[in-house]
Amino acid sequence: MLTLEKIDESIVQQFRSSLNLTAANANNTDSYRNYVQSAYNIYQSQLKPILDQFPEAKKIYVIPDGQLHHIPLEALISELPASEIANYGQLNYLIKDYTFSYGNSATTLFKTRSLLNRLEQSDNKVLAFAPSYNTIEKNESLVAQRSIKKPLSTVRGELADLRFNNEEVSAINDYFEGQTFTKDLAYEKSFKENAADYDVLHLSMHAIVDQEDPMYSYLAFAPNPEDSSTGDGYLHAFEIYDMNLNAEMAVLSACNTGYGKIYKGEGPMSLAKAFTYAGCPSVVMSYWPADDQASSDIM
């Protein structure tokens, strides 16, 4: 069990900024150098002193603190590369040697493990959603009564269509039994009505993080213009907190689902945490904007 100490916030920001989409796509030497140096420095200061005491350890339970909540420790590196030529594939990532599990506190971490041990599998395996956004009209009837700063119809009109999310859930159907809602039929109402009955929830869609009020962060489903009274198509964090889910795992295949405003003693108030609170002991999440095609391939 590792309880990670506070760290210089500047090195955390250097690490995160070196892995944003612009820096990664540029594939330039400066971004690569910043990533390598920060990833190695964080490993040296936070993990190596402890791991050296347990050379046989392979599975690590982590309770991070402060900005360390926003670092996937699997992406740190244990050695500096011999060359400064950008080659991310050659790096010695910790994910090659260790399996990490995270918790906001020791109590919640072991409560999650106990929940995983007692869950009974149902016959319903995977419930997957992959909405489309390109056919949505800016219909003022879709404006939510409880929602955020500008009309949701306007926000939805700004969401780009995802070209690969339907391929993603289609591929999942080749491996697992379950039910899939895609394109214009991927309604918020359908999720709320079915989510409690499945072992795995897989949501491939847009996610919007509200840093000012994290409870208003949301996942964007397809709207139901024929029945807007049952939901605006936006599943907010505060709604997820009120759900009672039985799934063993929620896969949030969307942007920044693990990112959120950090509260002392609570960690990030993210969409991922909302699913944990609702009953999912294991959540797959992202810390950055997610590339549509790359996310589909990984999933």
Side-chain angles (χ1 to χ4, degrees), residues 116 119-137 142 152 155-156 159-208 217-237 239-240 242-258 270-272 274-276 278-286 289-299:
L116 272 173
L119 280 172
E120 296 182 2
Q121 288 192 343
S122 69
D123 294 330
N124 299 321
K125 299 303 181 184
V126 179
L127 178 67
F129 284 78
S132 61
Y133 305 96
N134 60 346
T135 60
I136 297 168
E137 297 179 357
L142 297 176
L152 288 180
V155 175
R156 191 186 297 277
L159 295 177
D161 199 41
L162 298 175
R163 296 174 54 200
F164 297 94
N165 64 337
N166 277 273
E167 293 182 16
E168 181 178 320
V169 298
S170 177
I172 290 170
N173 282 337
D174 293 338
Y175 292 92
F176 302 100
E177 298 177 1
Q179 188 173 12
T180 298
F181 294 88
T182 62
K183 299 183 178 180
D184 295 340
L185 298 179
Y187 298 142
E188 175 192 8
K189 176 184 177 182
S190 299
F191 177 79
K192 289 180 175 178
E193 290 178 344
N194 293 280
D197 299 325
Y198 284 81
D199 296 325
V200 177
L201 308 175
H202 188 102
L203 305 179
S204 181
M205 57 187 61
H206 281 298
I208 304 298
S217 297
Y218 61 85
L219 293 158
F221 288 77
N224 187 350
E226 297 179 359
D227 189 9
S228 59
S229 63
T230 59
D232 51 35
Y234 293 84
L235 183 65
H236 292 88
E239 296 176 277
I240 301 169
D242 285 337
M243 299 182 73
N244 185 17
L245 301 175
N246 301 307
E248 296 181 37
M249 180 169 66
V251 181
L252 307 184
S253 182
C255 297
N256 292 305
T257 50
S270 64
L271 287 163
F275 274 88
T276 301
C280 295
S282 183
V283 180
V284 178
M285 59 188 180
S286 62
D291 179 81
D292 182 19
Q293 184 173 7
S295 296
S296 177
D297 292 342
I298 291 170
M299 293 301 175

Peer 1: With side chains defined as the heavy atoms from C-beta onward, is the minimum distance between Asp232 and Pro223 less than 4.5 Å?
Peer 2: no
Peer 1: Nearest 0.5 Å please: distance from the CE atom of Met243 over to the CZ atom of Phe191.
Peer 2: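 Between atom CE of Met243 and atom CZ of Phe191 there are 4.5 Å.
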Peer 1: Has Asp292 got a side-chain atom pairing as donor or acceptor with Phe164's backbone, closer than 3.5 angstrom?
Peer 2: yes
Peer 1: Establish, yes or no, whether a centroid distance under 6.0 Å links the rings of Phe129 and Phe181.
Peer 2: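 Under 6.0 Å, so yes.
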Peer 1: Is any side-chain heavy atom of Leu185 closer than 4.5 Å to a side-chain heavy atom of Tyr187?
Peer 2: yes
Peer 1: Check Met299 against Val284 and note the closest heavy-atom contact, atom names and distance.
Peer 2: CE-CG1, 4.2 Å
Peer 1: Check Asn244 against Ala196 and note the closest heavy-atom contact, atom names and distance.
Peer 2: O-CB, 3.7 Å
Peer 1: With rounding to the nearest 0.5 Å, note down the distance linking NZ in Lys125 to CD1 in Ile172.
Peer 2: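 Nearest 0.5 Å value for the NZ-CD1 distance: 15.0 Å.
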Peer 1: Just verifying a value: how many Å separate Leu127 CG and Thr180 OG1, rounded to the nearest 0.5 Å?
Peer 2: 8.0 Å
Peer 1: Spell out, as yes or no, whether a donor-acceptor pair under 3.5 Å connects the side chain of Asn165 to the backbone of Pro131.
Peer 2: yes
Peer 1: Taking the side chain as C-beta and beyond, is there a heavy-atom pair between Val200 and Phe176 under 4.5 Å?
Peer 2: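 No; the side chains remain at least 4.5 Å from each other.
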Peer 1: Testing the basics here: between Ala207 and Leu271, what is the closest heavy-atom pair and its distance to 0.1 Å?
Peer 2: CB-CD1, 3.9 Å
Peer 1: Can you tell me how far CE of Met285 sits from CG of Asn256, rounded to the nearest 0.5 angstrom?
Peer 2: 11.5 Å
Peer 1: So which atom in Phe221 and which in Glu188 form the shortest heavy-atom distance, rounded to 0.1 Å?
Peer 2: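 Shortest heavy-atom separation between Phe221 and Glu188 comes out as CB-N, 3.6 Å.
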Peer 1: To the nearest 0.5 angstrom, please state how far the CG atom of Leu235 sits from the OG atom of Ser217.
Peer 2: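 So the CG of Leu235 and the OG of Ser217 are separated by 11.5 Å.
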Peer 1: Are the side chain of Thr276 and the backbone N or O of Ala272 linked by a donor-acceptor pair below 3.5 Å?
Peer 2: yes
Peer 1: What heavy-atom pair brings Tyr133 and His206 nearest, and what distance separates the two atoms?
Peer 2: OH-N, 3.1 Å
Peer 1: How about Ser270 and Thr257: do any of their side-chain heavy atoms sit closer than 4.5 Å?
Peer 2: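 No. Closest side-chain heavy atoms not under 4.5 Å.
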Peer 1: Is the shortest heavy-atom distance from the side chain of Leu159 to the side chain of Ile208 under 4.5 Å?
Peer 2: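 The answer is yes, as the side chains (C-beta and beyond) meet within the 4.5 Å cut-off.
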Peer 1: Verify side-chain hydrogen bond (donor to acceptor under 3.5 Å, both in side chains) between Tyr198 and Gln179, making sure each step is shown before the conclusion.
Peer 2: CA-CA 9 Å; Tyr198 284 81; Gln179 188 173 12; 2.9 Å; yes
Peer 1: How close do Leu201 and Cys280 get, heavy atom to heavy atom, and via which atoms?
Peer 2: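 That closest heavy-atom pairing would be CD1-SG, 4.4 Å.
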Peer 1: Does the side-chain hydrogen bond (donor to acceptor under 3.5 Å, both in side chains) test come out yes or no for Glu167 and Ser296, once each step is laid out?
Peer 2: CA-CA 7 Å; Glu167 293 182 16; Ser296 177; 4.8 Å; no
Peer 1: Please check if the side chain of Ser253 supplies one atom and the backbone of Leu203 the other of a donor-acceptor pair under 3.5 Å.
Peer 2: no
